[in-house]
Engineer: 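I have a structure here, written as structure tokens, and I will follow up with some questions on it.
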2 protein chains.
Amino acid sequence: MPASVTACDTCCAGDLCLFAEGLTVGAGEWERIVQPHGEVRAGRRLYQRNSPLKYIYLVCSGCIKTQRDTPDGSLVISGFHLPGDLLGIDAINNDRYTADAVATVDSEVCRFDYAQLLTHCASHPKIAAKMMTHVTRYAARKDEELAWTMGLNAQRRVLRFFLRLHDSICLQGRSDRETVRIPMRKQDIAHYLRMTPETFSRNLAALRRDGLLELQKNHFVFPDRGLAHAITQI
Amino acid sequence: MPASVTACDTCCAGDLCLFAEGLTVGAGEWERIVQPHGEVRAGRRLYQRNSPLKYIYLVCSGCIKTQRDTPDGSLVISGFHLPGDLLGIDAINNDRYTADAVATVDSEVCRFDYAQLLTHCASHPKIAAKMMTHVTRYAARKDEELAWTMGLNAQRRVLRFFLRLHDSICLQGRSDRETVRIPMRKQDIAHYLRMTPETFSRNLAALRRDGLLELQKNHFVFPDRGLAHAITQI
DNA sequence: CGGTGTATTGAAATTAGTCAACAGAGGTGG
DNA sequence: CCACCTCTGTTGACTAATTTCAATACACCG
């Protein structure tokens, strides 16, 4: 049994980890498939767009952004991946990663050998089912992003972003009223929300003026979560 | 063996059909899981948002749109599903359909009992793998939509829509230079592309003026496919 | 204490949305 | 077969939102 098993006990991925169900440890099975809890420093790249799919990753702590730069020199952030999220799903369909993956803060990830994992899925339906859960969750999230990100004006997109970020982080055991740290740069958020950093900044200022969001440095909290939630529901 | 097996031989879903791989016909297996090639008339609803997931559908011919109306009375089209597409994937994650599914033209769909299919997946890895292919393809498409639909201005979104529609339809055996029919209303396209029907109409007119798209009635063709493709690459 | 990258703010320019009028297609009944 | 109606799509003038360009402030790090 690997040394990291105790680390897994406290990993916030919890139920979402592929090991939580069905995969027996020992006989080299574990070691062939997974390299647990690797560190990724802020700014380091985990994988590169267009490189062949070799591993998928489970985020254990921190935050990984996926991005691609466009021919005209601008940058598109396709997602922020927080603890519990599987990374590399976008590559499954075409065997190549569709974006660069870069840590926005110091992070930890577990690395799974995809080919080995697939072999395993054929004989372990529970792991296959868990994979399916991850992928459909991923699809559902993209669906939702597509539905909301474009349906709302800039100000509501900003508000919604912080609401969802708050949700995600509070799922990891933090209280609802606690102020939480923003684990990425503001311009990354702006690009993710498909607006210029200027527009983002202006709307953030407006949200503070209206008392919908309290923010200082890189920390924020919602004075009235219910109200904020209501506003982003179109 | 069901009467519809001959119909399947000519179905354009082809390789994407869940039966193309691994599921043996006979012993009631087929009949329990699938109702093949049902008709859906234009405007009829296949399933309703928020109703519990019971079936998933494979589009064999025609076009099914998925949509939801917002509290403020407007309509959001989340996707158009053409032959070969699996319908209802969005429901897998939360056991309820997240949108209404409505046929935009007379269509044909095969209906799969989801619970039975899942059971089957546990014992038939090949079907599980095919399901995974569908789901990851769905996710990849959403990813792409999210990346492009928002990154481009209105005119390029319109152009890109027709390019992709053209691609999809030409995959079904039609020639590249053939004029193809638009299988949905223009206002549905507009909503799908997140713009008003007016904006859509204006940009369509602009594309015709610029000679990028030939369009008459409900049929279109690209005078210069390469150019159009280059323009939509940001 | 500067220097670099990041964030904010202001004014002008561009894009898309809104409101309103009109045109065309398709269907129904006389 | 035509008149009428309705739904859909087009076009124009105006308004609102967002981007762009430019200048300035702030924070982190050597």
Side-chain angles (χ1 to χ4, degrees), chain A residues 41-43 65 67 70 72-77 102 104-106 149-162 181-210 213 215-220 231 234, chain B residues 41-43 63 65 67 70 72-77 102 104-106 149-162 181-210 213-220 231 234:
Chain A
R41 288 303 185 77
K65 64 177 171 178
Q67 64 185 22
T70 62
D72 71 340
S74 70
L75 192 71
V76 179
I77 308 276
V102 178
T104 63
V105 294
D106 290 346
T149 309
M150 303 238 331
L152 301 175
N153 63 18
Q155 181 163 341
R156 288 176 186 189
R157 291 212 297 280
V158 173
L159 186 56
R160 185 170 179 85
F161 175 82
F162 282 105
R181 188 162 102 88
I182 305 173
M184 66 286 281
R185 291 183 311 178
K186 294 213 170 98
Q187 52 179 272
D188 281 344
I189 303 177
H191 284 131
Y192 172 67
L193 295 176
R194 312 306 169 120
M195 60 184 74
T196 60
E198 293 94 324
T199 301
F200 177 77
S201 179
R202 273 184 254 274
N203 284 287
L204 201 53
L207 288 173
R208 294 168 72 178
R209 265 198 306 279
D210 299 351
L213 184 71
L215 179 136
Q216 42 206 329
K217 290 251 191 190
N218 259 352
H219 294 260
F220 72 100
I231 287 174
I234 292 193
Chain B
R41 287 302 185 79
C63 176
K65 64 177 172 178
Q67 64 184 23
T70 61
D72 70 340
S74 70
L75 192 71
V76 179
I77 308 275
V102 179
T104 63
V105 293
D106 291 344
T149 309
M150 302 235 337
L152 301 175
N153 63 18
Q155 181 164 341
R156 288 176 187 189
R157 291 213 297 280
V158 173
L159 187 56
R160 185 169 178 85
F161 174 83
F162 282 106
R181 188 163 104 88
I182 305 172
M184 66 286 281
R185 288 183 313 177
K186 294 212 168 99
Q187 48 179 282
D188 281 343
I189 304 178
H191 284 131
Y192 172 67
L193 295 176
R194 314 303 170 120
M195 60 184 73
T196 59
E198 294 95 323
T199 301
F200 177 78
S201 180
R202 273 186 254 274
N203 284 286
L204 202 53
L207 288 173
R208 294 169 71 178
R209 266 199 306 280
D210 299 351
L213 184 72
E214 276 172 30
L215 179 136
Q216 43 206 327
K217 289 251 191 187
N218 260 352
H219 294 260
F220 74 100
I231 287 175
I234 292 193

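Side-chain atoms are counted along with the backbone in the values below, which use heavy atoms only and exclude waters and symmetry mates. Numbers restart at 1 for each chain; the letters A, B, ... are given by sequence-line order, proteins then strands.
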Engineer: Round to the nearest Å and state the distance from A:Gln216 atom CD to C:dA7 atom C1'.
Structural biologist: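 Rounding to the nearest Å, CD of A:Gln216 and C1' of C:dA7 are 17 Å apart.
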Engineer: Atom CG of B:Leu152 and atom P of C:dA16: how far apart are they, to the nearest Å?
Structural biologist: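 Rounded to the whole Å, the gap is 11 Å.
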Engineer: Of the non-hydrogen atoms in A:Leu215 and A:Lys217, which two are nearest, and what is the gap between them?
Structural biologist: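 Scanning both residues completely, I find the closest heavy atoms to be CD2-O, 4.1 Å.
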Engineer: Identify the two heavy atoms, one from B:Arg194 and one from B:Ile77, that lie closest to each other, and give their separation to 0.1 Å.
Structural biologist: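 In terms of heavy atoms, the two residues are closest at NH2-O, 4.2 Å.
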Engineer: Donor-acceptor pair, distance only, cut-off 3.5 Å: does the side chain of A:Thr70 make one with the backbone of A:Leu75?
Structural biologist: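 Flag not set: sc A:Thr70 to bb A:Leu75 has no pair under 3.5 Å.
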Engineer: Can you measure A:His219 atom NE2 to D:dA27 atom P for me and round it to whole angstrom units?
Structural biologist: 14 Å
Engineer: Report the distance from atom CG of A:Leu207 to atom P of C:dT8, rounded to the nearest whole Å.
Structural biologist: 12 Å
Engineer: Does A:Thr199 offer a backbone N or O that forms a donor-acceptor pair with the side chain of A:Asn203 under 3.5 Å?
Structural biologist: yes
Engineer: What is the distance, to the nearest angstrom, from the CD1 atom on A:Ile189 to the P atom on C:dT6?
Structural biologist: 14 Å
Engineer: To the nearest angstrom, how far is B:Met195 atom CE from D:dT18 atom C1'?
Structural biologist: 16 Å
Engineer: In Å, rounded to the nearest 0.5 Å, how long is the span from CZ of A:Arg157 to CD1 of A:Ile189?
Structural biologist: 13.5 Å
Engineer: What is the nucleic acid contact for A:Arg194, judged by heavy atoms within less than 4.0 Å: base, sugar-phosphate only, or nothing?
Structural biologist: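 Sugar-phosphate contact only - A:Arg194 comes under 4.0 Å of backbone atoms but never of a base.
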Engineer: Check for a donor-acceptor pair, side chain of B:Asp106 on one end and backbone N or O of B:Arg41 on the other, with a separation under 3.5 Å.
Structural biologist: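 Absent.
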Engineer: List, with names and distances, any nitrogen or oxygen atoms from the protein found under 3.5 Å away from nitrogen or oxygen atoms belonging to nucleotides 24-26 of chain C.
Structural biologist:
none

Engineer: Find the distance A:Leu75:CG to C:dT6:P and express it as a whole number of Å.
Structural biologist: 12 Å
Engineer: What pairs of nitrogen or oxygen atoms, one from the protein and one from nucleotides 5-11 of chain D, lie under 3.5 Å apart?
Structural biologist:
from   : atom 1 : to       : atom 2 : distance (Å)
D:dT8  : OP1    : B:Arg185 : NH1    : 2.5
D:dG9  : OP1    : B:Lys186 : N      : 2.7
D:dG9  : OP2    : B:Gln187 : N      : 3.3
D:dG9  : OP2    : B:Gln187 : NE2    : 3.2
D:dT10 : OP2    : B:Ser201 : OG     : 3.2
D:dT10 : O5'    : B:Ser201 : OG     : 3.1

Engineer: Just by modelled atom types, is the B:Thr149 backbone N or O under 3.5 Å from a matching donor or acceptor in the B:Arg160 side chain?
Structural biologist: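 Not a single qualifying donor-acceptor pair exists.
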Engineer: Between the main-chain N or O of B:Lys65 and the side-chain N or O of B:Thr104, is there a donor-acceptor pair closer than 3.5 Å?
Structural biologist: no
Engineer: Round to a whole Å and report the spacing from NE2 of A:His191 to P of C:dT6.
Structural biologist: 11 Å
Engineer: Check for a donor-acceptor pair, side chain of B:Arg181 on one end and backbone N or O of B:Asn218 on the other, with a separation under 3.5 Å.
Structural biologist: no
